[in-house]
Amino acid sequence: MYCFPMAARSKVQNMTARSMHLQSILFACGLGLAPVPMLFAAGPTRAATLAYDTYIGGIESRLAQQHRSSSSFLIPEPDRESRLRQGGPVLDRVTPGGTIALPGAMLHHWRGTAFVAGATTGQLEQLLKDFNAYPRHFAPQVLETQVLAANGDHIEASMRVRQKHVITVVLDSTYDVTFGRLDARHGYSRSQSTRIAEIESPGTPGERVLRADEEHGFLWRLNTYWSYEERDGGLYMQIESVSLTRSIPVGLGWAVRPFVESVPRESLEFTLRSVCDALRK
């Protein structure tokens, strides 16, 4: 897995409705704030996209170096080895504070590491490549999947995902996924979102894709990287998730930021735990 309802109105009505939507989130969190007008841009700014692409380039250069040698294939977790061997995942913020502020956007980078006794690289690759089984392995987040094209270790797939964090958001996404191996015991994959769309009223006669100037920016871009190594009688796995979301409205960071920042971490943990559970069955 890779790492979230409104009728057409005038521009002013849309702004009012979304202000009320934000207010409902704050009240649900116990924060009784007055409505705050919010302008919703049509997708990320060019500056944010360029900064994100530059950051991704640095990650992929580092991973390419890691994957050239079995001795450096994974980032070590020596002080938490016992926890990994007991089956508990280890989660780390890679960026200071968990996010990087960009023009009109936020970049989130998290890493998770886990160990499954008795598992192999082949079993994990079979699990990750079987997109048709994702709704079973990753329920209730993944609702629907479809393989659009497959050519060996290169797969294009679509996915409908439901994220529930106080509010519920449904997204339709497509991904370009590539797998590779250093040898029989060391493998990796790269997944890059090529389209992410927010869905209004999913599963109803009124279902539709929100336009760029209507959607809320819960997720604009998502890159996911798996690295896995078979040793010590099992499989060590690391997953890095890098996402781009809308920034927090000025003056509401203290209230909204903890909520927004919980989504990337919780999604990463859910994915890693679901993979571990599937490998143990």
Side-chain angles (χ1 to χ4, degrees), residues 1-3 49 51-77 84 89-95 98-100 106-116 119 121-131 134 137-138 141-142 152-157 159 161 173-183 185-196 219-230 235-245 263-276 278-279:
M1 178 186 178
Y2 303 102
C3 299
T49 299
Y52 181 87
D53 289 342
T54 299
Y55 190 86
I56 288 296
I59 293 173
E60 295 189 352
S61 294
R62 186 253 299 165
L63 286 171
Q65 183 66 31
Q66 279 182 223
H67 295 160
R68 288 179 184 146
S69 171
S70 59
S71 63
S72 63
F73 207 80
L74 302 181
I75 294 176
E77 298 279 0
L84 287 174
V90 171
L91 302 178
D92 294 296
R93 288 184 175 96
V94 180
T95 51
T99 64
I100 294 177
M106 296 170 66
L107 185 153
H108 314 260
H109 186 182
W110 285 84
R111 180 188 299 118
T113 309
F115 175 82
V116 177
T121 56
Q123 290 172 333
L124 176 61
E125 286 176 354
Q126 182 179 7
L127 174 67
L128 295 179
K129 290 180 178 180
D130 189 6
F131 280 87
Y134 276 30
H137 294 314
F138 301 106
Q141 283 197 5
V142 177
D153 289 328
H154 182 211
I155 300 173
E156 295 178 53
M159 191 180 310
V161 176
S173 308
T174 57
Y175 295 92
D176 186 279
V177 187
T178 304
F179 291 84
R181 278 201 181 191
L182 173 66
D183 53 40
R185 292 179 175 270
H186 297 81
Y188 54 89
S189 74
R190 170 189 182 271
S191 170
Q192 178 182 14
S193 64
T194 56
R195 172 182 175 270
I196 298 177
L219 185 64
W220 277 328
R221 300 274 295 274
L222 177 63
N223 283 53
T224 307
Y225 304 91
W226 284 90
S227 303
Y228 36 96
E229 178 178 19
E230 188 179 333
L235 189 68
Y236 288 93
M237 300 170 288
Q238 281 188 340
I239 176 175
E240 295 193 38
S241 172
V242 188
S243 57
L244 185 69
T245 67
V263 176
R265 182 191 185 282
E266 291 177 14
S267 296
L268 179 67
E269 183 176 10
F270 172 82
T271 298
L272 195 53
R273 287 188 182 276
S274 297
V275 166
C276 291
L279 289 174

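A donor-acceptor pair shorter than 3.5 Å can be found between the side chains of Q238 and T113.
Remark: the backbone N or O of L128 is paired with a side-chain donor or acceptor of Y134 at under 3.5 angstrom. Under a 3.5 Å cut-off, the side chain of D183 and the backbone N or O of R185 do form a donor-acceptor pair. Side chain of S72 to backbone of Q66: a donor-acceptor contact under 3.5 angstrom is found. Although no hydrogens or angles enter the test, the distance criterion places a donor-acceptor pair under 3.5 Å between the side chain of Y52 and the main chain of V242.
Taking the side chain as every heavy atom from C-beta outward, F179 and I155 approach each other to under 4.5 Å. Two residues are said to be in side-chain contact when any heavy atoms from C-beta on lie closer than 4.5 Å; D176 and H154 meet this criterion. E77 is listed as a side-chain neighbour of D92, based on a closest heavy-atom distance under 4.5 Å. No side-chain heavy atom of S189 sits less than 4.5 Å from a side-chain heavy atom of K129. The shortest side-chain heavy-atom distance between V275 and F138 falls under the 4.5 Å cut-off.
Atoms OH and CD, on Y188 and E125 in that order, are 10.5 Å from each other to the nearest 0.5 Å. Rounding to the nearest 0.5 Å places CG of L63 at 9.5 Å from CD1 of I56. The OG atom of S241 lies 10.0 Å from the OH atom of Y225; values are rounded to the nearest 0.5 Å. The OH atom of Y228 sits 8.5 Å away from atom CG of L235, with the distance rounded to the nearest 0.5 Å. Rounded to the nearest 0.5 angstrom, H186 NE2 and S71 OG are separated by 8.5 Å. To the nearest 0.5 angstrom, I239 atom CD1 is 12.0 Å from R111 atom CZ.
Checked for salt-bridge contact, R181 and D153 miss the test: no charged N lies under 4.0 Å from a carboxylate O. With respect to the salt-bridge test (charged N to carboxylate O, under 4.0 angstrom), the residues E240 and R62 qualify.
Residues passing the salt bridge (charged side-chain N to carboxylate O under 4.0 Å, His left out) test with E156, sequence neighbours excluded: none.
Nearest heavy-atom pair across L272 and G112 is CD2-C, 3.6 Å. Closest of all the heavy-atom pairs between T99 and T95 is N-OG1, 3.3 Å. Nearest heavy atoms, S274 versus H137: CB-O, 3.6 Å. The shortest non-hydrogen separation linking L182 to R68 is CD1-O, 3.9 Å. Nearest approach of E60 to N223, heavy atoms of both residues: OE2-ND2, 4.0 Å. Listed here is the closest heavy atom pair of S191 and Y175: OG-CD2, 3.5 Å.
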Are Q192 and R221 close enough, and set up right, to give a side-chain contact (heavy atoms from CB on, under 4.5 Å), and what steps lead you there?
-> CA-CA 8 Å; Q192 178 182 14; R221 300 274 295 274; 4.2 Å; yes
What do the steps show when you test E269 against W110 for side-chain contact (heavy atoms from CB on, under 4.5 Å), and what is the final call?
-> CA-CA 10 Å; E269 183 176 10; W110 285 84; over 6 Å; no
Hey, mind stepping through V177 and W226 against side-chain contact (heavy atoms from CB on, under 4.5 Å) and telling me if it holds?
-> CA-CA 11 Å; V177 187; W226 284 90; over 6 Å; no
Residue pair V161, S173: steps toward the side-chain contact (heavy atoms from CB on, under 4.5 Å) verdict = CA-CA 8 Å; V161 176; S173 308; 5.8 Å; no
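You'll find the ring centres of H67 and F73 inside the 6.0 Å limit.
Note: Y55 and H109 have perpendicular aromatic rings, judged against thresholds of 30 and 60 degrees for the angle between ring planes.
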